[in-house]
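We count ligands from 1, going down the list as the structure has it; atoms in each ligand are counted the same way.
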Amino acid sequence: MIDAISFKENTLHYLDQRYLPLREDYVATKNYQEAIEAIKTLAVRGAPLIGVAAAYTIILGINSFKGTKEEFPAYFKTLVAEVEASRPTAVNLFFAAARLKKVYTDNFEADTLETLFAKMHDAAHKIHADEIANCDLMSRHGVEQIKIDLAHILKTRKLNVLTHCNTGTLACCGTGSALGVIRLAWQEGLIERVITSESRPLLQGLRLTAWELQQDGIPFVSISDSSSAFLMQRGMIDFGIVGADRIAANGDTANKIGTCAHAISAWHHNLPFYIAAPVSTIDITIPDGTHIPIEERNADELRTIFGTQVATPTTPVLNYAFDVTPGKFLRGIITDKKAVVGNYLNELKQLFAE
Ligand code: MRU
């Protein structure tokens, strides 16, 4: 299994995803500023993994604190704010920071700094372990839902599934969210072939998902982002499943740019299109997708392809990293707690009450 991220002996270890699959660079750091830079540059990426990386980054930050107990609150506040400013869309980052902030507020008064820091270390490792476990739960719920929704096809043949961006071990720590569902479905003999769209401009689908599928020996083919409608028209896709970076209370879902076009095409062709994401990706505090902050990244990511200039340096560019798919285009949202189909507003709220 790929070791995308780990924290051992007060050191953060991660696989630098920017150069995959051509180069496998493993990085080790004790420096929290370097860890923030890794999140910003997408050396580590994928919503659940960003949450885990944020938690470990905060731990690196507190490890380098040298002041008194009285000085710690101001230091901690600045540290968390710096980590939270690294990427805006994946809510897992804020979810992880909130879990560590809670450990701090619940224990600061009573504990020595040493005891407090030990509790925060444990909390960060727990966030990591939870995300690994979530993958298995999502996979099971997703496969059950697919067996129900696509039973009519499964009577005669296996399924062709479209996915976008990367939602595997590299993004989620465990087997993956959408890719975890696909992996289990394949193990159960339900999948003919995976169709992975490239995910311009940083090519997470072409580089990372393809790499993970290749390692597992799962049959796949890569397509350009603009090909999905045509393949659906030709009957070459039976359903779609992707991950999420933030899901609003009504089911509107932010995911890698290009997702919304795939989902609308699937809806037009009457094909089920699912989101698979842990509950840590649901932002129940926002009513709909218009409130999701959408990251806009450096224009040169689009004007160049891996360092090679393909447009003039002054070409005006809009480089949104994510789009928002309205919940009405989704057949279901597969979480670690259950597969939610139907009334997202009530059902997603219910997940937080359980
Ligand atoms: O910009 P990235 O690579 O961090 O994008 C996040 C994603 O990996 C995807 O949007 C993904 O589908 C959701 S995270 C499993």
Novice: Determine, using ring centers only, whether Tyr32 and Phe65 are less than 6.0 Å apart.
Specialist: no
Novice: If a pair satisfies ring-ring contact (aromatic ring centres under 6.0 Å, His included) and one of its residues is in residues 312-344, list it, with sequence neighbours excluded.
Specialist: Trp267-Phe329
Novice: Which residues pass the salt bridge (charged side-chain N to carboxylate O under 4.0 Å, His left out) test with Asp288, not counting sequence neighbours?
Specialist: none
Novice: Classify the side-chain pair Ser228/His262 by whether it contains a donor and acceptor separated by less than 3.5 Å.
Specialist: yes
Novice: Among residues two or more places apart or on two chains, list those pairs meeting side chain to side chain donor-acceptor pair (under 3.5 Å) that have a residue in residues 239-248.
Specialist: Arg246-Asp283
Novice: Would you call Arg207 and Glu198 a salt bridge, taking side-chain N to carboxylate O under 4.0 Å as the test?
Specialist: no
Novice: What does the list of residues with a heavy atom under 4.0 Å from ligand 1 look like, ordered by chain and number?
Specialist: Leu42, Arg45, Gly46, Ala47, Pro48, Ile50, Arg87, Cys165, Asn166, Thr167, Ala171, Cys172, Ser177, Gln204, Gly243, Ala244, Asp245, Asn255, Lys256, Phe322
